[in-house]
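Here is how names work: the chains are called A, B, and so on, in the same order as the sequence lines, proteins then strands, and each is numbered from 1.
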Amino acid sequence: MQRQVRTRYAPSPTGYMHVGNLRTALYEYLIAKSQGGKFILRIEDTDQERYVEGAVDVIYKTLKLCGLRHDEGPDIGGPYGPYVQSERKNLYKPYAEELVKNGHAYYCFCSKERLDALRAEAEAKNQTFMYDRHCLNLSQAEIEEKLKSGVPYVIRQKMPREGTTSFEDAVYGTITIENNMLEDQILIKSDGLPTYNFANVIDDHLMNITHVVRGSEYLTSTPKYNLLYKAFGWEIPVYVHLPLIVKPDGSKISKRKGDATFEDLLKMGYLVEAIVNFIALLGWSPDSNQEIFTLAELEKAFNIKHISKSPSSFDMDKLTWFNAQHIRTMSPEKFHELALPYLKEAITNEDIDLSKVSRILQNRTEVLTEIPSKVGFLNELCDYDLNIYVHKKMKTTLENSLTSLKEALPVLEAIDEWNETTIHDSLMSLIERLGIKNGQMLWPIRTAITGWEVTPGGAIEIADILGKAETLRRIKVGIERLEKAVSA
RNA sequence: GGCCCCAUGGUCAAGAGGUUAAGACACGGCCCUUUCAAGGCCGUAACGGGGGUUCGAGUCCCCCUGGGGUCACCA
């Protein structure tokens, strides 16, 4: 019988979420959900020096926002709790002691000072430092005496010195490492807490994790974990190591270098759905050519087989494209809801129907934050350069622009019920009557009522949004200014 | 530096010995068109190098080069 798939996202609470971490969470979630399994959240906070206030909330918030609902976790509990390592602290040491008993681990009383000195010495000789097993050969009596007199100690894993250790990775295949490269790593720190290296093995086993999914930076330390599983006689999980996400220049993404975190991207106007969609495809590809995915679709389409091995770079242009795609496919109502805060910030003119503005904006918005810069002309008509009336392709000049505006004015004035249809019909019949190109009428009007060379929406849409009075007023301003310029 | 991993256009990537080497982003052009978008069509652009294996190699092997990761009482 196949065991139910269980994956775990095990972040350490650092206070922010960078995109690599988020993608790891996403893949863990997808691996579980694509196989009807469970997705578990576990907080790895064994490093007390790194404690950050509120950091766990960032994790909850992000997962929730992205729709990555965990089935078990600190906040919702579950049959394998507690799900915070610091709350499990008393549970690890007995396992380490068991290892000491059966010869796979040993007490080490070496001081930090001694270790630092050794390290410095090795460095001076340009050698890689590795613990010298100074405490491995302590007699039983010595050990007991030191323990009794309270000398601080750690427990180290005893590595084999010869041979190699191999493991199977679901994406990288067989990885083999020489055992003499493995240091006798610390399992239990002198503060009594386990290291990540130890705790993750114990917890993954105790929590019945079937697929260990994490970044490829853990690839070389995985043999150490396997040796631990073997020492305990435990079943080894399926390993799924993920390629890194790097910056365009190939270097690693890091908060310290100011690279955008998930939170930053949201502030920059990117949608959660677009971010999730984009990072899902950074390192994984579906069977089809489909690019736009909802989370639900990803849950169906995801498979480990198509996870790639090489690192991929985070391309903002493509993220922007995904964002634009998601914006275009959402309902006008939904877009309006998202655009509203930005519109309220940018549009002070209370006569403007903001939902109409949203409508002309939806296909012209790639990132929400660019909205304010597109709608300023709705507030007031600013002074503009008359040369924008002259447009080669529209075949407009100052003279014929003036004519068009003068012709349009009474026609527009005559409209009783002011809406896109009536404006459109009136203007079109005028154009027909005058026998001119659409552009020769519509370009000058748009120019006159916006004062901008480029605007979202055309003359008719904008006239409707502005309302009859304001439209006529602005056209009159245009006529006045053009008359002055032409007669001069 | 030792060890591990990776290598298809600028970027994301398909490709599991025989293909005109997909598709997407970006870029360029054209069409549509009342500006700008959106949309449609077309185009520029890739198997890092060298050896093998094979009738045949982007696909398999080796070397080189390049990139990344890792070598903590961090995770």
Name the nucleic acid region contacted by [X], choosing base, sugar-phosphate or nothing; use a 4.0 angstrom heavy-atom cut-off, strictly under.
X        : answer
A/Ile360 : nothing
A/Ser308 : sugar-phosphate
A/Gly215 : nothing
A/Met441 : nothing
A/Thr455 : base
A/Asn200 : nothing

**Asked** Given side chains that start at C-beta, do those of A/Met181 and A/Met159 come closer than 4.5 Å, heavy atoms only?
**Response**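 The answer is no; the side chains never approach within 4.5 Å.
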**Request:** For residues A/Leu472 and A/Leu409, determine if any side-chain heavy atom of one lies less than 4.5 Å from a side-chain heavy atom of the other.
**Result:**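 Yes; the side chains approach each other to less than 4.5 Å.
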Given that both distances must come in under 3.5 Å, which nucleotide forms a Watson-Crick or G-U wobble pair with [N]?
N     : result
B/U19 : none
B/A45 : none
B/U53 : none
B/C3  : B/G69
B/G10 : B/C25

So, is [X] close to the [N] phosphate, meaning a side-chain N or O under 4.0 Å from OP1 or OP2?
X        : N     : answer
A/Thr14  : B/A75 : no
A/Lys437 : B/U33 : no
A/His306 : B/G15 : yes
A/Lys189 : B/A75 : yes

Integer-rounded Å distance: [N] [atom2] and [X] [atom1]:
X        : N     : atom1 : atom2 : answer
A/Asn179 : B/C3  : CG    : P     : 15 Å
A/Phe278 : B/A13 : CZ    : C1'   : 12 Å
A/Ile292 : B/C12 : CD1   : C1'   : 13 Å
A/Trp321 : B/A24 : CH2   : P     : 9 Å
A/Phe198 : B/C73 : CZ    : P     : 16 Å
A/Leu282 : B/A24 : CG    : C1'   : 12 Å
A/Leu281 : B/C12 : CG    : C1'   : 8 Å
A/Tyr131 : B/C73 : OH    : P     : 11 Å

**Request:** Quick one: which residue pairs count as a ring pair (Phe, Tyr, Trp, His ring centres under 6.0 Å) with a foot in residues 159-195 of chain A, not counting sequence neighbours?
**Result:**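 Those involving residues 159-195 of chain A are A/Phe167-A/Tyr239.
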Given [options], identify the nucleotide with an atom nearest to the side chain of [X].
X        : options             : value
A/Lys112 : B/C6, B/C25, B/C73  : B/C73
A/Thr195 : B/C12, B/A75, B/U11 : B/A75
A/Ile186 : B/G23, B/C73, B/A26 : B/C73
A/Ser310 : B/C74, B/U35, B/A7  : B/A7

[atom1] atom, [N] versus [M]: distance in rounded Å?
N     : M     : atom1 : answer
B/U33 : B/G67 : C1'   : 47 Å
B/A45 : B/G2  : P     : 40 Å
B/C31 : B/G48 : C1'   : 40 Å
B/A38 : B/G1  : P     : 47 Å
B/G50 : B/G58 : P     : 12 Å
B/C74 : B/C60 : C1'   : 41 Å
B/C12 : B/G68 : P     : 14 Å
B/U53 : B/C61 : C1'   : 7 Å

**Prompt:** Which residues pass the salt bridge (Lys or Arg N to Asp or Glu O under 4.0 Å) test with A/Asp184, sequence neighbours left out?
**Reply:**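 A/Arg133.
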**Message:** Going by salt bridge (Lys or Arg N to Asp or Glu O under 4.0 Å), name the residues that satisfy it together with A/Asp287, two or more places apart in sequence or in a different chain.
**Reply:**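 Partners of A/Asp287 under the salt bridge (Lys or Arg N to Asp or Glu O under 4.0 Å) test: none.
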**Message:** Going by side chain to side chain donor-acceptor pair (under 3.5 Å), name the residues that satisfy it together with A/Lys406, two or more places apart in sequence or in a different chain.
**Reply:**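 A/Lys406 satisfies side chain to side chain donor-acceptor pair (under 3.5 Å) with A/Glu483 only.
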**Prompt:** For A/Asn200, what residues pass the side chain to side chain donor-acceptor pair (under 3.5 Å) criterion, not counting sequence neighbours?
**Reply:**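 For A/Asn200, the residues satisfying side chain to side chain donor-acceptor pair (under 3.5 Å) (neighbours in sequence not counted) are A/Arg214.
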Would you list the protein and nucleotides 37-44 of chain B atom pairs, both N or O, that sit under 3.5 Å from each other?
residue : atom : partner  : partner atom : Å
B/A37   : O2'  : A/Asn363 : O            : 2.8
B/G39   : OP1  : A/Arg328 : NH1          : 3.4

**Prompt:** Toward the 5' end of RNA chain B, which comes first, A/Leu319 or A/Tyr196, by nearest nucleotide?
**Reply:**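 The residue mapped nearer the 5' terminus is A/Leu319.
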**Asked** Of A/Phe322 and A/Val154, whose closest RNA chain B nucleotide lies nearer the 5' terminus?
**Response**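 Its nearest nucleotide being more 5', the pick is A/Phe322.
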**Asked** Between A/Glu87 and A/Lys89, is there a salt bridge with N-O shorter than 4.0 Å?
**Response**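 Judged by the 4.0 Å cut-off on N to carboxylate O distance, A/Lys89 and A/Glu87 do not form a salt bridge.
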**Request:** Determine, for A/Arg8 against A/Asp203, whether the closest basic-nitrogen to carboxylate-oxygen distance falls under 4.0 angstrom.
**Result:**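 Salt bridge absent between A/Arg8 and A/Asp203.
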**Contacts of A/His134 that satisfy side chain to side chain contact (heavy atoms under 4.5 Å, CB included) - sequence neighbours left out** =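 Per chain and number, A/His134 pairs via side chain to side chain contact (heavy atoms under 4.5 Å, CB included) with A/Cys110, A/Arg114, A/Tyr131, A/Asp132.
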**Prompt:** Hey, does the side-chain of A/Lys393 have a donor or acceptor N/O within less than 3.5 Å of a partner on the base of B/U34?
**Reply:**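 When only heavy-atom distances are counted, A/Lys393 does not reach the base of B/U34 through any donor-acceptor pair under 3.5 Å.
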**Side-chain-base donor-acceptor pair under 3.5 Å for A/Lys318 and B/A26** =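 Between B/A26 and A/Lys318, which were checked side chain against base, a qualifying N/O pair under 3.5 Å is absent.
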**Message:** Once side chain to side chain donor-acceptor pair (under 3.5 Å) is applied, what residue pairs with a partner in residues 359-374 of chain A remain, sequence neighbours excluded?
**Reply:**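 Every side chain to side chain donor-acceptor pair (under 3.5 Å) pair that includes a residue of residues 359-374 of chain A, provided the two are not neighbours, is A/Arg359-A/Glu420.
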Protein N or O to nucleotides 67-71 of chain B N or O, pairs below 3.5 Å:
residue : atom : partner  : partner atom : Å
B/U70   : OP1  : A/Lys252 : NZ           : 3.4

**Prompt:** Can you list the steps and then say if A/Asn197 with A/Gln185 is a side-chain hydrogen bond (donor to acceptor under 3.5 Å, both in side chains)?
**Reply:** CA-CA 8 Å; A/Asn197 295 317; A/Gln185 65 175 346; 3.2 Å; yes
**Item:** Exercise: do A/Thr422 and A/Asn419 side chains pair donor with acceptor under 3.5 Å
**Value:**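 Indeed, the side chains of A/Thr422 and A/Asn419 share at least one donor-acceptor pair under 3.5 Å.
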